[in-house]
Amino acid sequence: MFFMNLEEKINLAAKWIAESERLVVFTGAGCSTGSGIPDFRGPDGLWTRRDKGLAPKKPKVPWDQAKPNPNHYAIAELMEMGRLNYLISQNIDGLHAKSGIPFEMLAELHGNQFFMKCLSCNKKMLFEEAKWDKKIWGRGFRKDPVREDQPTCPHCGGRIINSIVDFGDPLPYDELQESMIRSQNSDVFLVIGSSLVVTPAANMPGIANQNGAKLIIINKGDTPYDMVTDIKFDDKIEDVLPPIMEKVKEMTKSS
Ligand code: ZN
């Protein structure tokens with residue numbers, strides 16, 4: 001597949017997506033840089049700059065006010081077209097949910113900055129819904145001490161914690177399980193903007209690929225799956241995803 005030019009790759013990726021029955025999309029930080037949220041290993045990424053001894057670039061907008069960008073809306077469009085089986089994201093910015101993807105179709109493997117979750121019933125709720133004031137109760141991480149009078153789950157009374165997966169914390173078990181099953185059963189697996197190095201989230205493309213899914217990766221920069229992927233776009237997402245979407249729409253309209 002490495003001999004194809006960009007246009008041929010776009011056409012083939014679009015064909016696979018248009019014909020897919022169980023498309024799983026996987027997103028990383030690169031999906032959100034267009035919303036002003038810095039990634040880790042991109043040209044201006046947090047860790048790229050750190051390795052060069054540079055301070056992080058000042059974000060254009062505060063993280064909690066960032067809005068979904070065309071990448072997020074393209075995925076939401078795939079859902080509206082009935083093409084999306086499941087979405088797995090490493091991002092905690094909550095932008096997929098903001099773009100209209102329901103939690104039943106979304107695994108936020110590293111959490112969502114706007115949500116807490118209950119350790120007993122697993123329900124997610126906004127900090128406001130949980131009546132959790134960060135000024136009083138702190139950020140509510142799993143390792144924080146539990147205070148006797150802190151708010152509990154409005155549904156079951158269980159302990160609620162910040163849904164963001166902090167260093168050393170386990171990933172949300174149910175979403176991780178669901179992600180593995182959906183990846184295993186997928187027929188096309190599309191990676192958007194991830195260098196696929198943070199495991200276990202980054203194991204999903206391998207699980208899909210080993211079970212026969214066609215693997216498409218859009219990421220500027222290398223990934224550990226570059227040698228096994230069916231199509232690799234080493235391009236900016238903005239240069240590849242819109243033309244793919246256009247073709248998918250054409251193809252699904254005529255069929
Ligand atoms: Zn609960």
Side-chain angles (χ1 to χ4, degrees), residues 22-29 31-32 35 37 62-68 72-73 75-76 78-80 82 84-186 194 198-204 207-208:
R22 292 173 312 280
L23 170 73
V24 172
V25 178
F26 182 101
T27 65
C31 186
S32 292
S35 297
I37 294 169
W63 284 28
D64 60 349
Q65 285 166 38
K67 291 191 175 63
H72 301 100
Y73 288 120
I75 299 164
L78 286 170
M79 178 187 72
E80 279 154 28
L84 181 70
N85 181 268
Y86 203 60
L87 173 60
I88 304 168
S89 184
Q90 298 174 292
N91 300 338
I92 59 164
D93 52 39
L95 294 180
H96 288 303
K98 277 190 185 170
S99 77
I101 308 278
F103 283 132
E104 303 87 71
M105 296 183 74
L106 172 62
E108 295 171 310
L109 291 182
H110 297 163
N112 178 327
Q113 62 174 343
F114 299 106
F115 284 81
M116 302 194 80
K117 69 163 184 191
C118 173
L119 288 179
S120 300
C121 72
N122 264 327
K123 282 205 176 73
K124 282 190 187 180
M125 62 209 87
L126 290 162
F127 280 86
E128 294 81 359
E129 286 175 285
K131 304 204 164 41
W132 186 286
D133 185 341
K134 287 185 193 163
K135 285 191 203 92
I136 302 169
W137 307 108
R139 297 187 71 197
F141 283 122
R142 186 186 285 262
K143 63 170 81 71
D144 293 348
V146 182
R147 285 157 60 177
E148 215 169 274
D149 48 350
Q150 74 184 31
T152 54
C153 174
H155 307 284
C156 77
R159 183 186 169 199
I160 47 175
I161 60 167
N162 196 319
S163 74
I164 292 179
V165 175
D166 201 11
F167 289 102
D169 285 352
L171 265 55
Y173 180 78
D174 47 340
E175 286 172 72
L176 188 62
Q177 283 299 107
E178 190 65 25
S179 298
M180 291 202 281
I181 293 165
R182 301 281 189 145
S183 300
Q184 217 164 33
N185 294 335
S186 68
S194 172
V198 183
T199 56
N203 294 336
M204 301 303 153
I207 294 172

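Keep in mind that this is a model prediction, so the values were computed, not measured. Atoms within a ligand are numbered from 1 in the order they appear, just like the ligands themselves.
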Is it the case that atom CZ in Arg139 sees more than 12 heavy atoms from other parts of the structure closer than 6.0 Å? no

Side chains of Leu171 and Gln177, heavy atoms from C-beta outward: is any pair under 4.5 Å? no

Looking only at side-chain N and O atoms, does Glu108 offer a donor or acceptor that is under 3.5 Å from a partner on Ser163? no

Can you see whether Ser120 engages His155 through a side-chain donor-acceptor pair at a distance of less than 3.5 angstrom? no

Could you name all protein N, O or S atoms found under 2.8 Å from the Zn ion (ligand 1)? Cys118 SG, Cys121 SG, Cys153 SG, Cys156 SG

Parallel, tilted or perpendicular: which describes the rings of Phe115 and Phe103, with under 30° parallel and over 60° perpendicular? perpendicular

Are Glu175 and Lys117 close enough for a salt bridge, meaning some N to O gap below 4.0 Å? no

